[in-house]
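Just so it is clear, the values below take in all heavy atoms, side chains as well, and ignore hydrogens, waters and symmetry mates. Being a predicted model, the structure only gives us computed values, none of them experimental.
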Amino acid sequence: MEEDIQNYYITPPTIFLPEDGLKIAFIGTDNEWVEELTDDLETTFTSIPMTFYHLEPKNSDNWQWLYVMAEQADLIMINAGKATNLELMISTIYLGNKTWFYIDPEVVDKNLRILLNTINANMFNDSEQLHNMLKTFLGNGW
């Protein structure tokens, strides 16, 4: 029996707490990047319902939403090249396995890349690398 999997896209002022599935927050307001990454994640995890939290550019200065989104999320994806200093500071609260940094080497400052590497932050620079890292991190059960 095949079920249709429903994915949700959440932006303020909506708050939605799903009963199951994976909750993913995007930090660094770049709608094109968010769209590309959500498509990749939906392709990677076809059998899991996902809820995606992200801020629209017009709401990017609402640190309260950033905090709530990051707190609720199972995974946090940060576009280090587009994130503001405030967004980077909030994301450091959650450093660890649930925090993943997208690093565009042409945009992200070399010193930030070195710092993230020094603290063993999860970093990726393309969809295929993220796909492989998440499959390894989350295991084959997903």
Discussion item. Quick check for you: to the nearest 0.5 Å, what is the distance between Ile90 atom CD1 and Leu86 atom CG?
Written reply: 4.0 Å
Practice prompt. Tell me, please, which residues at least two apart from Asp126 pass side chain to side chain donor-acceptor pair (under 3.5 Å).
Written response: none
Fill in: Where Leu66 and Glu87 come nearest, the two heavy atoms and their spacing
CD1-CG, 3.4 Å
Worksheet item: If two hydrophobic side chains count as joined below 4.5 Å and joins carry through other members, does Phe45 share a cluster with Met133?
Response: yes
Item to complete: Give a yes or no on whether Asp109 atom CG has more than 12 heavy-atom contacts from other residues, nucleotides or ligands under 6.0 Å away.
Response: yes
Response to the item:
Value for OG1 (Thr118) from CZ (Arg113), rounded to nearest 0.5 Å, stands at 12.0 Å
Fill in: Shortest non-hydrogen separation from Asn97 to Leu75 and the atoms involved
O-CD2, 4.3 Å
Worksheet, complete the sentence: Nearest heavy-atom contact between Ile24 and Met50 is CD1-SD, 3.9 Å
Fill in: Side chain Lys23, main chain Tyr53, donor-acceptor under 3.5 Å
no
Worksheet entry | Same apolar cluster: Leu95 and Ile114, side chain cutoff 4.5 Å | no
Fill in: Transitive ILVMFWY side-chain link Met89 to Met69, under 4.5 Å
yes
Worksheet item: To the nearest 0.5 Å, what is the distance between OG1 (Thr99) and CD1 (Ile27)?
Response: 8.0 Å
Item to complete: Would you name the heavy atoms of Val108 and Gly81 that are closest together and state the gap between them?
Response: CG2-N, 3.6 Å
Item to complete: Could you grab the distance from atom OG1 of Thr51 to atom CG of Asn7, nearest 0.5 Å is fine?
Response: 7.5 Å
Worksheet item: To the nearest 0.5 Å, how far apart are CE in Met77 and CZ in Phe26?
Response: 6.5 Å
Fill in: Flag if over 12 foreign heavy atoms under 6.0 Å of CD, Gln129
yes
Discussion item. Heavy-atom count check: over 12 atoms from other residues, nucleotides or ligands less than 6.0 Å from Gln64 CD?
Written reply: yes
Worksheet item: Side-chain contact, heavy-atom cut-off 4.5 Å: Leu55 with Trp63?
Response: no
Worksheet item: Do Asn31 and His54 come close enough that some side-chain heavy atom pair is under 4.5 Å?
Response: yes
Worksheet entry | Backbone of His131 reached by a side-chain donor or acceptor of Thr44 within 3.5 Å | no
Worksheet entry | Donor-acceptor contact present, side-chain Asn125 to main-chain Ile103, <3.5 Å | no
Response to the item:
In terms of heavy-atom contacts, Asp20 and Pro49 come closest through OD1-CG, 3.8 Å
Discussion item. Tell me whether the rings of Tyr102 and Phe124 are parallel (<30°), tilted (30 to 60°) or perpendicular (>60°).
Written reply: tilted
Discussion item. Are the side chains of Phe52 and Glu42 in contact, using a 4.5 Å heavy-atom criterion?
Written reply: yes
Worksheet entry | Option passing side-chain contact (heavy atoms from CB on, under 4.5 Å) with Trp100 (candidates Leu130, Ile78, Leu37) | Leu130
Worksheet item: Considering only heavy atoms from C-beta outward, does the side chain of Trp33 approach that of Lys82 to under 4.5 Å?
Response: no
Item to complete: Can you see which heavy atom on Gly21 is nearest to which on Asp74, and at what distance?
Response: O-OD2, 3.7 Å
